[in-house]
Each structure stands twice: as C-alpha cells, then as structure tokens.
Number of protein chains: 2
Amino acid sequence: MSDIVYSSFNTTLSHIADVSDRESLDTVMKELAAGYGLNSAAYFGIRLSGRSNNDPFLAVTYSSEWVEHYKERRFVEIDPVIQSGFRRLLPLDWDGFVRTEERVKTLFGEAAEFGLGRKGLSIPVHGRHGDRGLFSISCDRADRDWAHDKLLYLRDFQVLATHLHDKVLRLEGHSSLERHLSARELECLQWIAEGKTAWECATILGLSQHTVRCYLESTRHKLNASSNTHAVSIAHRAGLLLPPL
Amino acid sequence: MSDIVYSSFNTTLSHIADVSDRESLDTVMKELAAGYGLNSAAYFGIRLSGRSNNDPFLAVTYSSEWVEHYKERRFVEIDPVIQSGFRRLLPLDWDGFVRTEERVKTLFGEAAEFGLGRKGLSIPVHGRHGDRGLFSISCDRADRDWAHDKLLYLRDFQVLATHLHDKVLRLEGHSSLERHLSARELECLQWIAEGKTAWECATILGLSQHTVRCYLESTRHKLNASSNTHAVSIAHRAGLLLPPL
DNA sequence: TGAATATCCGGCCGATCAGCGGGGTTTACA
DNA sequence: TGTAAACCCCGCTGATCGGCCGGATATTCA
C-alpha cells in the first residue's frame, strides 16, 4: 500500500497546485478519492471571506442525492463530523463518535446506503483569519487493517488538507476588506481594540481627537459596523488585528 | 529511507502522546531529530494562552550557545523563518528565502557554524484561538536529494507538528479565561460584539439594561479590559467569540 | 482633467458608557 | 452550615461615543 499511497500523494499534491477554478477542484477530489481507494472525499470550508455572514464552501465526491438528502434532513445540526470537527485541532476518527443518539445513528446508517464508507477520517484546518476547513474521507476497511491504514492516510491527508484549504482560500476568499481600510483607519482601530480611548489614540498617533473619531467613523462605515466594538469584532474575524508577532 | 521514516513516525507520534511535562518534551524533540537524521528540530509557540502578553514557548534541540547568540543578536527581528512562518498556512522551505539582506546572510551563515543544517523546513500550525506554532527542522542534504526527501519529511512533520502544538497547548495553555466568564457575561459580551447596545442586549436577553451593564462591568474586570471594545478584542483572541458554526 | 480617496481639522448634541454605590435570591460546594 | 459565586435589580455622575454638519490639501488613477 505504501507505494500506491506515495505516488498518489505526489500527483494529488501537484494537481491541487494546478487547480485554477471550481470545476477542476471537483475533478481533483474525484481523482484523489480514486487514487487512494476511497469511497468519498469531501472538503468543507467556512468563514473563508472576511465578511460576517458567509456561505460555506463545499467540494465533495458525494452523489448529489446524498447532499440533497443531507440538507433536507438538516443533518448538519447533529453531524458529529461537523460539530466536533471544526472545534478541534487534531484529526478525527469517525470510529470515535458516540452513536447512541437516534439521529446520529440514522445519519451514519443512511450515509452507508448512499455509498459512504464505514471508516472515516476528518482533518480540520485552521486558517489565519478564523477561516476553517474540514477535509473528510471515508472508505471500507476491516477493523484490523484500519489502525494501520489510518496512520498512512493521516500523514498524507494532513498535508493535502492544508494545501486544499490554501487553494480554496486563494480561489474564493478574503482580501476584500483588508485593502479598504486606510493605514490611519487601521491604526486607530488597533489602538481602540487595545482599550485606548479616542483621546489616548490621538495622543499616541499625534492627531487631534476629532480626527481619530473621523477615522473610526469611516472605519465603521466600511466594515458595516454599528459601533467601534462591533468594528473591532469584525476586524478580528477578518484577521486585521493580529499583532506583529 | 521510507521504512526508517515510517517507524520514526509511529514512535514519535506515540512519544508525543505520552509527554506529560516540559522535560520529556525536550527528550522527544531530541529523539525526533535523531530518528529522522536531522541536525535540529525546533518547536516555537506563540499566543498559547488567552492573555494578551504572553511569553513564547520554545522546545528546541539547538545548543544553548546558539539560542543565546540568537537572542543577543536579536535575529528574531529579521529571521525569515519567524517572519514569514507565522504568517502563512503552508510549510516553508528555507531554500525559498531571499538571502540578499546582510543580516539574513549572517544569520544563516552563523546558524551553520552552530550545527544547523543547510536545508530546512518550517511548518506553521494554526490553533483555534489565535495560538500559533512553528515546527522547524534542519538537515544536510544534497540539492538533488532534497526535493524528494522534503516531501517525505513534509507529510510526517505536518502531522507531528500538529500533535506537538496540541500537546503544548494542553501543557501550557489556555482554559484560564473561559471558565471565568459566566454564561450571562459571555452572552452579553457576544451581543455587544455584534454591535448591539446595552439596551438592545437587555431586550434580547430579557434583562434590565442595568443588569446587562453590570455583567459587562464584571466581564471587563475579569478580562482586565479598559472598555467593552477592549474586552471584545481580548475575548476574540481567547476564542470566546466564535459563532456556533 | 476631473473624480475618488487618504489625510487632516473644527463644532454640536443627545445617547451611551464606565465606574461607583447599594440591595436581593438561588445554587453549588466544602 | 457557611461561603462563594452566579444571578438579578436600582440609583447616580461625568466621560466618552456616535452621528451629523462644515472645511482643507495631496495623491492617485482613469
């Protein structure tokens, strides 16, 4: 298995690098699933752009029927892959889920009917700006093989997941906000976020108190915020307020 | 090489899992470096706790002389590993650095004198709460081997780096803030962060405007914030203000 | 050449915040 | 059984914010 995996790794990695649009990404996902002998591969990204309300990004090899069914039944609300996947740092083995709850059992039962494997892995990716990705694969393996194969999968997929997320970010995301705020506006916002008052901010930057307020006002407008506090919150999500180190 | 790597991978992974204190972590780093035939291995973590000013965390196999020298010369200010490593998502090949600047050339020159390898990789890890880790290795390889070996290294180290970061987080970090804020305090803070006024917040939560202010006041005290805006900023860094999905 | 944008500064006024004081009940834990 | 902490409410005051009006120059870009 090791060799197959290695060649798949290389080719998939370069294929991801070559992706330039939504469609070729779907193709890559299919090739990835095929190359690794998987039942399914899925990438799910949230909060990719700086905006507050933002549609999730989906690139999956699931049948459209399963996707539809999943949405209809609103499985997202209880899907442990989603619920814990985005909340942790380390990869997730689907075997680890407690399947006592009725809806969760239903979910995994029906998933198998729609062709998903009984074994699964989910790898969270955390971006720098609150953006998150979740790369999940499923396959059918015997219990005794799974422990070994899982490790092989893990190290390939951790890398692939990161590259996937990075690629999706480049395709879909971001940047929209960062350019908008002028240097002064950002400076003021940063100091306000540090708990300074407008007066202190003015002193620090060598401006008049009024000028600082004007910058904050235009910042609020640009970020669509109803208060400085709101603006700081939005800016934080957009990753504008990260200290130099 | 593939086999060596694989066995190192397994053992290192379980060793990391077993780490329970600072000292055993240093040991693991040394074993890791030895197991993979590296000149050095280093983990560097920042913003591990929710607090605003927080010392970086260091676990390295470098000689203490090099660490001292590095600090004295204040290389951190110009070290491209640090400067770009924390700002990106994907791993970093040290070959990619522009070494035109004088101090950068000095840095890499002196690093080699202190036993670091000429080839190097740095893998950023992004946590969920603004915490970041940077796992770097160096080794001596011929250019022609490097491209191949790098890939092998990458997929192992991406996993190891994540596990390392997770372990350090558990050892050092966090949690301190999250417990402190009561449910009400957090609710109020969240709505304030969404741009609501205290009055709106009170209406939403079915409280008196005054009660909301009291919660915000105690929140500010607990977070050591000088304004609601400041509190939101701190809470954001601590990861308290992440929306449910 | 004009339009847009970034950079600055002023005044005004009502709404809101920040900080201080006081009071109480309920729940959990030692 | 006390005690701590969460939960809830009220008063007061001065400082600050938020929004609105006005003005100016410099640079960038189509």
Side-chain angles (χ1 to χ4, degrees), chain A residues 50-52 174-238 240-241, chain B residues 50-52 174-238 240-241:
Chain A
R51 294 270 158 213
S52 43
H174 240 261
S175 78
S176 50
L177 281 178
E178 334 213 344
R179 310 269 172 264
H180 288 332
L181 287 194
S182 76
R184 281 307 200 188
E185 286 164 343
L186 191 57
E187 275 182 312
C188 291
L189 193 64
Q190 280 165 337
W191 284 114
I192 292 293
E194 291 302 317
K196 309 297 179 192
T197 65
W199 182 88
E200 290 171 311
C201 193
T203 309
I204 293 167
L205 298 174
L207 298 173
S208 88
Q209 191 180 350
H210 211 92
T211 306
V212 171
R213 297 233 213 151
C214 281
Y215 284 135
L216 288 173
E217 191 173 351
S218 56
T219 302
R220 287 195 299 273
H221 281 122
K222 286 183 180 178
L223 299 184
N224 235 312
S226 54
S227 68
N228 285 340
T229 307
H230 194 191
V232 164
S233 187
I234 293 171
H236 250 294
R237 267 204 262 278
L240 273 61
L241 294 180
Chain B
R51 295 270 157 212
S52 43
H174 240 263
S175 77
S176 50
L177 283 178
E178 334 211 346
R179 309 269 171 264
H180 288 331
L181 286 194
S182 75
R184 282 307 201 186
E185 287 164 342
L186 191 58
E187 274 182 312
C188 290
L189 193 65
Q190 280 165 337
W191 284 114
I192 292 293
E194 292 301 318
K196 308 298 179 190
T197 66
W199 182 87
E200 289 170 313
C201 192
T203 310
I204 292 167
L205 298 174
L207 299 172
S208 89
Q209 192 179 352
H210 212 93
T211 306
V212 171
R213 283 172 194 266
C214 281
Y215 284 134
L216 289 173
E217 193 173 349
S218 57
T219 302
R220 286 195 300 273
H221 280 123
K222 286 183 179 179
L223 298 184
N224 235 312
S226 54
S227 67
N228 286 340
T229 307
H230 194 193
V232 164
S233 188
I234 293 172
H236 250 295
R237 268 204 262 276
L240 275 65
L241 294 179

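Here is the naming used below: chain letters follow the sequence lines, and residue numbers restart at 1 for every chain. Quick note: numbers below take in every heavy atom, side chains included, and nothing from hydrogens, waters or symmetry partners.
- In this structure, B:Leu205 places its CG atom 9 Å from P of D:dC8, rounding to the nearest Å.
- Residue B:Ser226 has no polar side-chain atom (N or O) positioned under 4.0 Å from OP1 or OP2 of C:dA18.
- Counting non-hydrogen atoms under 4.0 angstrom, A:Ser218 reaches nothing in the nucleic acid.
- A:His221 has its side chain within reach of A:Glu217: a pair of non-hydrogen atoms, C-beta onward, lies under 4.5 Å apart.
- Whole-Å rounding puts the A:Leu189 CG to D:dG18 P distance at 11 Å.
- Along DNA chain D, the nucleotide closest to A:Ala198 and the one closest to A:Glu217 are compared, and the more 5′ of them pairs with A:Ala198.
- Checking side-chain atoms of A:Thr219 against main-chain N and O of A:Tyr215 turns up a donor-acceptor pair under 3.5 Å.
- An OP1 or OP2 oxygen of C:dT5 is reached within less than 4.0 angstrom by no side-chain nitrogen or oxygen of A:Ser182.
- What separates CH2 of A:Trp199 from P of D:dC17 is a distance of 12 Å, to the nearest Å.
- The CD-P distance, from A:Glu200 to D:dA15, rounds to 14 Å in whole Å.
- For C:dT5, the OP1/OP2 oxygens have no side-chain nitrogen or oxygen of A:Lys222 closer than 4.0 Å.
- For B:Cys214, counting side-chain heavy atoms from C-beta on, the closest listed nucleotide (C:dA18, C:dC8, D:dC9) is D:dC9.
- The base of D:dG18 is paired with the side chain of A:Arg213 by a donor and an acceptor separated by under 3.5 Å.
- As a whole-Å value, the separation of B:Arg184 CZ from C:dT25 P is 19 Å.
- For the pair B:Ser208 and D:dC8, the criterion of a side-chain N or O lying under 4.0 Å from OP1 or OP2 is not met.
- Residue A:Thr211 is in base contact, counting any heavy-atom pair closer than 4.0 Å across all strands shown.
- Taking for each of B:Glu185 and B:His210 the nucleotide of DNA chain D with the nearest heavy atom, the 5'-most of the two is the partner of B:Glu185.
- Side-chain proximity of B:Ala183 to D:dC7, D:dC9, C:dG19: nearest is D:dC7.
- If you take CD of B:Glu187 and P of D:dC8, they are 9 Å apart, rounded to a whole angstrom.
- No engagement by B:Leu216 is indicated, since no non-hydrogen atom pair under 4.0 Å with the nucleic acid exists.
- The residue from A:Leu181, A:Leu205, A:Ile204 that alone fulfils the side-chain contact (heavy atoms from CB on, under 4.5 Å) condition with A:Cys188 is A:Leu205.
- Distance, A:Leu181 CG to C:dT5 C1': 13 Å, rounded to whole Å.
- Between the side chain of B:Ser226 and the backbone N or O of A:Gly195 there is at least one donor-acceptor pair closer than 3.5 Å.
- To the nearest angstrom, P of C:dC17 lies 12 Å from CG of A:Asn228.
- Rounded to the nearest 0.5 angstrom, A:Arg220 CZ and A:Leu189 CG are separated by 10.0 Å.
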